[in-house]
Amino acid sequence: MSVRVRYAPSPTGSPHVGNLRTAIYNWLFARKHDGKFLVRLEDTDRSPERYQPEGIWDIEESLRYLGVCPDEWWVSGGEAGPYIQSERLALYKQHSEQLIESGHAYKCYCSKERLEAMRQAQQERGVPTGYDRNCREPERRENMRLQRMQELGGEPPFVVRLAMPMEGKTTVHDLVKGEIVYENRGQDDQVLLKTDGYPTYFLACVVDDHLMGVTHVIRGDDWLSSAAKFMAVINAFGWEAPKLVHPPLILGPDRKKLSKRHGATQFTEFIEQGYLPEALFNFLVLLGWSTGEENKELLTIPEILDRFSLEGISEHPAIFDYEKLKWMNGQYIRRSPVGRILGLCLPYLVKAGLVSDPPTREEREYARRIIPLEIERMKTLSEVVELTRPFFQNIQYPQDYDAKAVAKWMGAAHVPRMLQMEIEQFALLPAFSAAELEESVRAVAAQLEVKFAEVIHPTRVAVTGRTVGPGLFEALEGLGRERTIGRLKQVQEKI
RNA sequence: GGGGAUAUCGUCUAGAGGUCAGGACGAGGGAUUUUCAGUCCUUAAACCGGGGUUCAAUUCCCCGUAUCCCUACCA
């Protein structure tokens, strides 16, 4: 039987990195086994806070960005469609009825108020919470129905609940964690179909996985605790269970589950900040998976594909290390062809207003000279803005200059003469190249009888307003003769 | 409260019944250079605790503890 796996996100907002890592694992497993990777939208929670249609677009963008392309999903369709659960309602209704008929499920007429009161009482008494199975018993169910009918003046709404086996054990086989045994007694009669006609996760997921021929369910560890209920639904249908894998969760720096509610965890935010897809892929896959003995962490997607197996998935949660991600992204930026980085950086400069929209031919040429000078300092693409600002913006002395830098370097006695000499000499350089500039500045230092550094540093501050940046001569060459001399003159006048 | 899972440097992790417990990020130091960055070299840094099993356990088993997850008509 060929492998079929799925990633099943909910449009509760922009997907978070933990979810995408699960998607990556699924995708890798499918590619590795020549199987199919399906993506299914689990949009059965219709409450406004949890159903956000824009989230669907973010899901699509994130998957495409990572290059984790689904073989079957709502965008391209497929044999097992539709791939959006809200378009499969009839299927769930039909299957819930099937379970009612076979005695594996029952209608429950209990009001939310009753359930809430019951839960509260249980909590106060310190006993485990859970449905008291009032409606599981036919007579009491009918009484409840009648009672509710009187209250509402019509046929009351109901949910369909799973009739969980009351005794015995359910064994879950997790490919990574092994066998886990649950007492059925402790399991609740899970709601399968809600009053609004939408299924809950347990029904929808089990039905869809079966109908879509899913062979392996790779999902977050947060599902492990409820896996007995999941299995019970499958057993109720008498279906063969898919293989289960529960990769550990990704935790935030506060050691709590990295959730969408944390805010700074959405995948699209990482895209916006300028993390390259291969860096994100590499980092995420390594958060909970490793190659084994090999001491290699920077891996291309083909290399990962080559090494990937479920055995490498770890069993304990991992804390998301933003610093390491940045480092890795910097590595990938530096390994990329310059042209690619140029193209990716330009939009950030446009957005920051440092170049026009769209950039002129001259601006593009200029960017092509400047951006490479800063690549080794970039950890994320968005940093290009601050890094190259002195090159693109007309900086005014002294307000746009780093005060500390000015204080440290511009007060020296030789600075006015130095500026004058540079202005004169730079104007005469035949090519205004880094090599010529260096020769010229060395000559200035010699004539002033000061150390090279005492010319280098004030010159850098005078021209860029900062003490940090690319090598001075490369920076000057990039900036060009006109801008360089213009800035030197400006400082000379105002100093 | 109940249930489940997990436990190696600060973080991500490798590892085997006997290892100097390895690598990476980060941190410290050094080299390079005109600064920063980068690159290279280098240092410090860990087997949760207690019982077993064994000649030997950080590794296997049990207990404890801690952490995370579930305990919704959310996924």
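Chain identifiers are assigned alphabetically (A, B, ...) following the order of the sequence lines, protein sequences preceding nucleic acid strands; residue numbering begins at 1 within each chain. Computed over heavy atoms, backbone and side chain alike; hydrogens, waters and symmetry mates excluded.
Ring orientation note: the planes of A/Phe320 and A/Phe283 are nearly perpendicular, at an angle over 60° on the 30°/60° scale.
Of the residues in residues 445-465 of chain A, those placing a heavy atom less than 4.0 Å from an atom of RNA chain B are A/Ile456, A/His457, A/Arg460, in numerical order. Within a heavy-atom distance below 4.0 Å of RNA chain B, the residues of residues 184-195 of chain A found are A/Val191, A/Lys194, A/Thr195.
Atoms CE (A/Met164) and C1' (B/G2) sit 15 Å apart, rounded to a whole Å. Taking atom CG of residue A/Leu162 and atom P of nucleotide B/A72, one finds them 15 Å apart after rounding to whole Å. Per the geometry, CD belonging to A/Glu374 stands 16 Å off P belonging to B/U35, to the nearest Å. For the pair A/Glu422 CD and B/U34 P, the interatomic distance rounds to 16 Å; values are reported in whole Å. Look at CD on A/Glu376: it is 18 Å from P on B/U32, rounded to the nearest Å.
The P atoms of B/A66 and B/C48 are separated by 16 Å, rounded to the nearest whole Å.
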Extract from the structure each pairing of a protein N or O with an N or O of nucleotides 7-11 of chain B at less than 3.5 Å, listing the distance.
residue	atom	partner	partner atom	Å
B/U11	OP1	A/Arg255	NH2	3.0

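Between A/Ser290 and the phosphate of B/A14, there is a side-chain N or O to OP1/OP2 separation shorter than 4.0 Å. OP1 or OP2 of B/A72 lies within a sub-4.0 Å distance of a side-chain N or O belonging to A/Thr129. Taking only side-chain nitrogens and oxygens, A/Gln331 comes nearer than 4.0 Å to OP1 or OP2 of B/U39.
As the counterpart of B/U11, B/A24 is assigned, both hydrogen-bonding distances of the Watson-Crick or G-U wobble pattern falling under 3.5 Å.
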